[in-house]
Amino acid sequence: MVDFSRQESAVRAGVAPDVVDRYVELGLLKPAEGDRFSAGDIRRVNVIQTMARSGIPIEGIAEVITSGQASLAFLDSP
């Protein structure tokens, strides 16, 4: 499995590194050992960004995801 640093993940997702930091803080992303992120994590950032642009608050997305009411785990599939 290919993995990426926090900085590489931000670049690949087309966001600033502080966006990745915020998503980790909110529990939307969970880095693997060594603070590494997967291609699925990058796809998660893109989906979350799309939802946020459509008007859904990031904190609301985080609440639903972290409570287990919804999952973005399907994005781990290539």
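Only this structure's heavy atoms are used, side chains among them; waters, hydrogens and symmetry mates stay out.
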- Task: Walk me through it: do Ile42 and Phe4 pass the test side-chain contact (heavy atoms from CB on, under 4.5 Å)?
- Result: CA-CA 9 Å; Ile42 294 166; Phe4 308 97; 3.6 Å; yes
Under 3.5 Å, sequence neighbours excluded: what are the donor-acceptor pairs made by side chains of residues 70-78?
{"from": "Ser71", "atom 1": "OG", "to": "Ala73", "atom 2": "N", "distance (Å)": "3.0"}
{"from": "Asp76", "atom 1": "OD1", "to": "Arg44", "atom 2": "NH1", "distance (Å)": "3.4"}
{"from": "Asp76", "atom 1": "OD1", "to": "Arg44", "atom 2": "NH2", "distance (Å)": "2.6"}

- With Gln7 via side-chain contact (heavy atoms from CB on, under 4.5 Å) - residues at least two apart: Ser5, Val11, Pro17
- With a 4.5 Å limit on heavy-atom distance, are the side chains of Gln49 and Tyr23 in contact? yes
- Task: Write down the atom of Arg6, the atom of Asp35, and the distance for their closest heavy-atom approach.
- Result: NH2-OD1, 2.6 Å
- Pairing residues for Arg43 by the salt bridge (charged side-chain N to carboxylate O under 4.0 Å, His left out) criterion, not counting sequence neighbours: none
- Are Val64 and Leu28 connected, step by step, through hydrophobic side chains (Ile, Leu, Val, Met, Phe, Trp, Tyr) whose heavy atoms are closer than 4.5 Å? no
Below 3.5 Å, can you tabulate the donor-acceptor pairs from side chains in residues 53-63 to any protein atom, sequence neighbours excluded?
{"from": "Arg53", "atom 1": "NH2", "to": "Thr50", "atom 2": "OG1", "distance (Å)": "3.4"}
{"from": "Ser54", "atom 1": "OG", "to": "Met51", "atom 2": "O", "distance (Å)": "2.7"}
{"from": "Glu59", "atom 1": "OE2", "to": "Arg22", "atom 2": "NH2", "distance (Å)": "2.8"}

- Rounded to the nearest 0.5 Å, the CG atom of Leu29 sits from the CZ atom of Phe37 at a distance of 6.0 Å
